[in-house]
Structure formats: C-alpha cells, structure tokens
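We use all heavy atoms of the structure for the numbers below, so side chains are in, but hydrogens, waters and symmetry mates are not. Order of the sequence lines sets the chain letters (A, B, ...), proteins ahead of strands, with each chain counted from 1.
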Amino acid sequence: MRRQPARSPGCLDRHCLPSPTGYRSGRCGGPAALLPLLVLTIWALAGAGLARAQAGASDVSAGDTPSDRGESITVSWEPAPGDRLVDGTVTGYRILRSRSPEGPFEAIGQASPGAARYDDADVENGIDYFYRVETLSLEGAVRSPVIGPAVAQAQWINTNQWNVFVVLVLLLGFNIYYIESIRAGQKPFIRKIAGLEAVNEAVGRATEMGRPILFVPGIQDMNDIQTVAGITILGHIARTVAEYDSQLVVPTSRALVMTTARETVREAYLSVGRPDSYDENNIYYVTDEQFGYVAGVNGYMVRNKPATCFYMGAFFAESLILAETSNSIGAIQVAGTAMPAQLPFFVAACDYTLIGEELFAASAYLSGEPKQLGSIKGQDVGKFLGMVSIVLGVALLTLASVVGWEPLVQAAEFVREFWSTELA
Amino acid sequence: MKRALWIIITGIIVAVLVVRTASGNMESPFAGIEGFGTWFAALLTLAIMSFLYDDNPLYRFAEHLFVGVSAAYWMVMGFWSTLVPNLLGKLWPSLTAQLFMPGLADTTHDPLWFMYFIPMAFGVLLLLRLFPKGGHLSRWALAFILGTTAGLRLIAFLTADFMGQIRSTLKSVAGLTPAVLPGGSPSFSFETMFWDLVAVIAIMAALCYFYFSKEHKGSFGAFSRIGIWVLMITFGAGFGYTVMGRIALLVGRIEFLLRDWLAVI
C-alpha cells in the first residue's frame with residue numbers, strides 16, 4: 001500500500017505541500033505563522049460538529065392511524081443521521097403537539113433512539129392537530145418544521161387482520177357446508193368420547209343407590225364459553241336423570257348460571273314428559289366467593305353423599321378440593337374443563353375427564369343435532385388445514401434457513417406472517 | 001373412646017392457649033378489635049381445617065358463616081360497583097350523584113346514554129322469573145347473553161388459540177441460530193434441532209388426538225396415542241408446578257397461625 005505523505009495540519013500555503021518523498025520541505029514560517037491556520041481549522045471542525053448536531057429527524061409526517069377505531073394519530077419520521085446503534089449521539093425523539101400551527105406546542109411523549117414512529121392515542125376524532133418532532137442528542141435539541149393538520153377517524157374495516165377474515169370465512173364455510181350435508185342426510189362419524197359414554201352408567205348407579213347426582217358448572221359466569229358448554233351437557237344429563245327419576249342437584253356460584261341452569265333442566269324434564277319431577281330448589285346459588293362456594297359444595301358432598309359428581313365448566317384452584325372430597329365419599333366422577341392448569345388434577349382424581357376441546361365436542365356429540373355435528377366436522381377440517389400449514393411452513397422455513405435462497409425465504413416468511421394475528 | 005380422646009386433646013390445647021395468653025406470650029382476644037380479629041380468624045382457619053378429619057359442627061359453623069357473609073358481600077358489591085355507576089349513573093347521573101354516590105366523577109350524560117335502557121330492560125326481564133306468568137320472558141335476556149358471548153369470543157379464540165398456536169409452531173427445525181453480526185455464519189446446535197423437532201411432532205400428535213371425525217385406528221390411531229402421551233406428560237409437569245404453588249399457600253396460612261396468633265416464631 002502506498003503511504004500517504006504527511007502534511008502539516010494547519011498549513012494551506014502551497015509552499016508547505018509535502019514533497020514527493022514524504023518529508024516536509026521546511027519552507028513554512030515559524031509557530032506564529034501557524035496560529036491563524038490553527039484557529040481556522042478549529043472553527044471549521046466546530047462548524048462540522050454543529051452541522052451534525054443540527055441534523056434532526058427528517059421526512060416527518062402525521063396522519064390518522066390506519067385500521068383502528070379512531071382516537072389515534074401516527075407521527076412518523078426518518079431517524080436523524082446521528083441515530084446509530086454504535087457511537088450514536090441521538091438520545092431520543094420528543095413529540096410536540098398543538099391545536100394550532102402557531103402553537104403553543106406541548107410535549108406529549110417521547111420515543112427512544114432508533115424509533116421512527118409514535119402513536120398519539122390521546123386525541124379526539126375530527127379535530128385538527130399539528131405536530132413537531134424534536135430530536136434530542138448530546139449536542140442539543142433540533143425541532144422539525146410544523147406538520148399537519150392531522151385528523152383522527154375510525155375505520156370500519158381493520159385491513160391489518162385480513163388473514164383473520166380469510167381464516168374465519170374458511171372455517172365458517174366448512175361448518176355451513178357440513179351442517180347442510182348432515183341436514184341433507186349424510187351421516188357423520190364422530191369418535192367415541194369415553195367420559196360421555198360413562199354418563200348413563202353414572203346416572204344409573206346413583207338411581208340404584210338412591211342417592212343424588214351433583215353437577216358443578218364451574219365458577220365462571222355465562223360469558224365464559226366453558227360454562228356454556230357445561231350447561232349444554234347439563235341438559236343431556238338432566239334428561240337422563242329425568243328418565244331414571246333420580247335427583248339432580250346443581251349448586252352455582254353465579255346468579256345468571258343458576259337462572260340458565262334452571263331453564264335448561266326444566267326444558268329437559270319437559271322433553272321427557274316429567275315436568276312434575278322438576279324441583280327448581282335443587283338448582284341454587286351458593287356464593288360468588290371462590291372458596292366460600294367450595295366450602296358449601298364440600299359440605300353438601302359429605303352430608304348427602306351423592307353417588308355421582310359431574311364437574312363441567314371453568315375451574316381454578318377449587319378443582320382438586322372438590323375432586324378429592326368427592327373421591328373420599330366414593331362417588332363416580334366425570335370432569336370436563338379447558339383450563340390447562342386444572343386438567344392434571346381432574347385427570348388424577350376423577351374416573352373420566354373431558355380434556356380441553358372434548359368438552360366442547362361433547363355437547364355436539366350428545367345432542368346429535370345437525371348444527372352441532374356439522375360444526376365438529378367443520379372444525380376438524382380447520383384442524384387438518386392447520387396441520388398442513390404447520391408441515392408446509394416448517395418445511396419451508398427449514399429449507400430457507402439451510403439454502404438461503406431468497407424466494408424460498410420470502411415464501412417461508414409469508415406463511416409465517418399469514419398466521420400472525422396482527423399483520424404489519 | 002374416640003370422642004373422649006378428642007375432648008382431651010382439645011382441652012389440653014385450650015389450656016395451653018389460656019396459659020400463654022395469661023402470661024403475655026400471646027395477644028389476648030379481649031385486648032382490642034385487632035386481637036379479637038386475629039383470634040377469630042385463627043379459630044375459623046382451624047374450624048375449616050378440621051374438615052380434613054371429618055364433617056363436624058365447627059366446620060359447619062365456619063362454612064355457613066363464610067357462605068353467608070361472602071354471598072351478602074358480593075350482592076352489595078354488585079349493587080354499588082356495577083348497578084349504580086354503570087347503569088343508574090349513566091341514565092340519571094345527577095340524581096345518582098345526589099342520592100347514591102356523591103363522589104360520582106362524571107355527572108354529564110353520555111352522548112348515547114339512552115342505549116343503557118337496553119341492559120336495564122334485559123335486567124328487568126331476568127327479574128320477571130320471580131313472577132310465574134312472565135318467567136318465560138327471561139329467556140330473551142339469556143339468549144342475548146349467550147349469543148353475544150359466543151360471537152365475541154369467536155374471534156378471540158380464533159386468533160389466540162388457533163392462529164396463535166400455529167404461528168408459534170412455525171419454526172425452522174434445522175437447528176441453525178442466525179449470526180449476530182451481518183456477514184457472519186449461522187451456528188448449528190443439535191440440541192436446538194432435537195427440541196424443535198420434538199415440539200413440532202408433539203403438537204401434531206396432540207392435534208390428531210383432538211380430531212373427532214375420523215376413527216383412531218392404524219397409523220393415525222398410533223400417532224394420536226402419542227398425542228395422549230404428550231398430554232399426560234404435560235399434565236404431570238403442570239401438576240407438580242401447581243402443587244408447589246398450593247404448598248406456598250399452606251405455608252402462608254401456617255405462618256399466620258404460628259406468628260400472628262400463637263407468636264411462637
């Protein structure tokens with residue numbers, strides 16, 4: 001490599017140019033002659049530094065945040081030249097807002113270095129707002145020109161979730177197709193669910209022993225889909241109980257669940273022609289308090305010794321307490337829940353357990369209605385598509401990571417992005 | 001004999017408590033509201049724990065007290081924290097602030113305030129169950145609640161439980177970790193590759209188990225049986241993890257008895 005000749009830093013005199021040999025000619029003046037040049041150099045360097053500090057965020061824009069319910073404006077910008085990961089001088093961006101282009105502007109938030117947007121979620125729809133972005137750096141702060149007006153408004157359609165719409169349409173389409181097929185006479189195959197096969201046996205045992213049947217619908221309200229599934233299964237159990245002329249007891253921890261359970265059980269008794277056997281006092285509210293409810297149900301268990309206990313719905317810490325107490329009195333237990341943390345306890349302590357989605361499938365299985373059976377079949381097709389997507393996606397991503405071929409990488413990324421719940 | 005034994009044990013415990021209290025080693029239940037509260041809470045804790053032996057009058061007393069107090073508490077809470085601010089406060093804010101809640105923050109009408117008559121009407125329909133002739137009208141409110149619940153939860157379940165799970169499973173199983181710096185080469189880890197493969201196969205097997213419209217026979221049945229194993233191993237791990245949490249709760253209660261009540265630690 002050719003060595004660059006040395007040159008006196010402050011000397012601009014043509015006589016002071018380095019010689020081709022790389023050594024100074026020695027024709028420059030003394031130290032006094034260097035002083036003005038030194039001052040000039042310092043001034044030039046300081047000027048360059050100031051210019052760097054003054055370069056703030058550029059291309060600042062502000063507009064309504066897309067695909068939202070309004071009340072949000074997005075301010076975006078190109079990061080300042082000094083905003084670098086290594087040896088960067090920018091310490092952040094301060095966002096200023098005003099209702100008028102003349103100001104006054106007030107600080108409404110700050111973004112960290114590297115950020116290129118800020119969502120102002122404290123605005124009203126239909127009102128003009130003006131913004132400035134202040135670049136904060138070690139050398140000082142630089143304000144952008146005034147940007148605006150920006151107006152927030154609500155959108156009817158969230159285009160960031162078009163993939164959710166596609167999946168929803170597909171799944172609902174399959175459901176409708178299979179419901180109509182079953183209505184037209186097609187007989188679907190639904191595999192046996194062991195816990196449900198045991199219902200008749202459990203009710204029959206209670207009838208023979210002359211003891212009641214206890215049904216616990218969980219401790220959540222009717223806005224929990226597990227409670228809804230549990231109440232649907234209660235309807236089937238109540239029909240069997242009514243046919244056997246046994247006694248069904250349902251303590252609830254929510255008033256609305258009690259009302260729904262009463263309605264469901266009454267319907268079941270009516271449907272088998274035994275309305276006189278229905279006693280609404282057997283379906284009663286205990287308390288909303290979790291462990292107060294457990295204390296009440298446990299007390300009922302040890303005093304009345306039900307022969308069969310059903311637990312169908314959403315459960316929390318009370319699951320094992322209930323199941324163990326029931327186990328201690330020798331009752332047959334059938335449980336069903338989709339709470340992952342409680343399933344181990346039911347599996348360990350109960351005779352039969354409906355695991356997760358089996359709880360939701362159970363109601364369809366029991367009812368035999370085309371609508372519910374068709375939806376099971378439709379959901380299975382959805383699961384199949386999900387499995388195919390996983391196999392394809394994993395294969396694509398693996399190949400892409402090994403081969404690194406750009407089109408393959410893009411295809412793999414597309415598959416992964418498609419299953420994201422909020423697209424960029 | 002058994003009963004006599006229990007009476008003797010209880011008598012000894014009571015005697016020890018009386019002696020400790022008299023000697024000033026324990027807080028007296030008559031020292032003030034705090035001392036009474038500690039004693040009452042401790043005795044109720046023991047009464048509830050006595051259920052481990054068998055059903056007994058002490059447990060029954062604690063149970064009925066707990067159920068009664070908590071039911072009343074939730075009813076009062078429901079009225080003051082839901083009905084008053086969310087219904088009465090929206091329909092008649094000034095009147096509500098004047099009669100029920102002087103501290104009601106907003107006494108102006110919401111632009112769509114009249115919409116709150118709809119939930120009020122549904123609430124009244126639910127209460128019609130109290131009248132034999134109008135009981136069937138409560139079904140309208142129940143149908144509305146069940147329908148809106150199903151509709152609202154559909155998207156949440158679809159995105160979180162279906163799409164979210166698939167998205168999390170989609171990963172390369174080559175065991176390659178991308179380079180940290182640009183231009184660097186990715187590093188290979190056999191362990192990463194093995195566990196990524198296990199995760200993908202386990203999820204596929206568990207999905208097969210929850211496939212209801214195909215008979216679980218042959219290779220499909222064998223694969224779904226792997227799914228059951230996956231579930232059971234997961235439940236085993238979950239069981240141990242949760243039991244640890246419950247032990248922590250028990251330790252907390254015993255600590256209350258030994259420190260706050262008996263003052264022995």
Requested in this report: Would you name the heavy atoms of A:Ala295 and B:Tyr59 that are closest together and state the gap between them?
Outcome: O-OH, 3.0 Å
Report summary line: Ranked by heavy-atom pairs below 4.5 Å to chain A, first place among B:Val243, B:Leu170, B:Leu249, B:Thr149 goes to B:Leu170
Query raised in the report: Quick one: what part of A:Leu396 sits under 4.5 Å from any heavy atom of chain B, side chain, backbone, both or neither?
Result: neither
Report task. Counting only heavy atoms closer than 4.5 Å, note whether A:Glu267 contacts chain B via side chain, backbone, both or neither. Result -> side chain
Requested in this report: Counting only heavy atoms closer than 4.5 Å, note whether A:Arg254 contacts chain B via side chain, backbone, both or neither.
Outcome: neither
Query raised in the report: What part of A:Ala348 is in contact with chain B, defined as an atom under 4.5 angstrom from a non-hydrogen atom: side chain, backbone, both or neither?
Result: side chain
Report task. Determine which pairs satisfy salt bridge (charged side-chain N to carboxylate O under 4.0 Å, His left out) with at least one residue from residues 219-239 of chain B, sequence neighbours left out, and list them in order. Result -> none
Query raised in the report: How far apart are the closest heavy atoms of A:Ser420 and B:Arg167, and which atoms are they?
Result: OG-NE, 2.9 Å
Requested in this report: For B:Tyr211 and A:Gln379, test the side chains for any donor-to-acceptor distance below 3.5 angstrom and give the result as yes or no.
Outcome: no
Report task. Identify whether the distance between the nearest side-chain nitrogen and carboxylate oxygen of B:Arg139 and A:Glu263 falls below 4.0 Å. Result -> yes
Requested in this report: Sort by residue number and list every member of residues 195-206 of chain B having a non-hydrogen atom under 4.5 Å from chain A.
Outcome: B:Val200, B:Ile203, B:Met204
Query - A:Leu171 versus chain B, the contacting section by heavy-atom distance below 4.5 Å - result: side chain
Report summary line: Pair count under 4.5 Å, heavy atoms only, with chain B: among A:Thr260, A:Ile376, A:Val391, highest is A:Thr260
Query raised in the report: What residues of residues 216-224 of chain B sit under 4.5 Å from chain A when you count only heavy atoms?
Result: B:His216
Requested in this report: Could you tell me which residues satisfy salt bridge (charged side-chain N to carboxylate O under 4.0 Å, His left out) with B:Asp161, sequence neighbours excluded, listed by chain and number?
Outcome: none
Query - Which portion of A:Phe291 sits near chain B, non-hydrogen atoms under 4.5 angstrom - result: both
Query raised in the report: Between B:Asp55 and A:Arg303, is there a side-chain N and carboxylate O pair less than 4.0 Å apart?
Result: yes
Query raised in the report: Considering only heavy atoms, which portion of A:Val347 lies under 4.5 Å from any heavy atom of chain B: side chain, backbone, both, or neither?
Result: side chain
**Report entry** Side chain, backbone, both or neither of A:Leu168 within contact of chain B (heavy atoms, under 4.5 Å)
**Finding:** both
Report summary line: Honestly, the part of A:Asn298 sitting under 4.5 Å from a heavy atom of chain B is both
Requested in this report: Name the region of A:Thr325, side chain, backbone, both or neither, that has any atom closer than 4.5 Å to a heavy atom of chain B.
Outcome: side chain
Query raised in the report: At a heavy-atom separation under 4.5 Å, does A:Val394 approach chain B through its side chain, its backbone, both, or neither?
Result: both
**Report entry** Interchain contact, A:Gln342 with chain B, by part (heavy-atom threshold 4.5 Å)
**Finding:** side chain
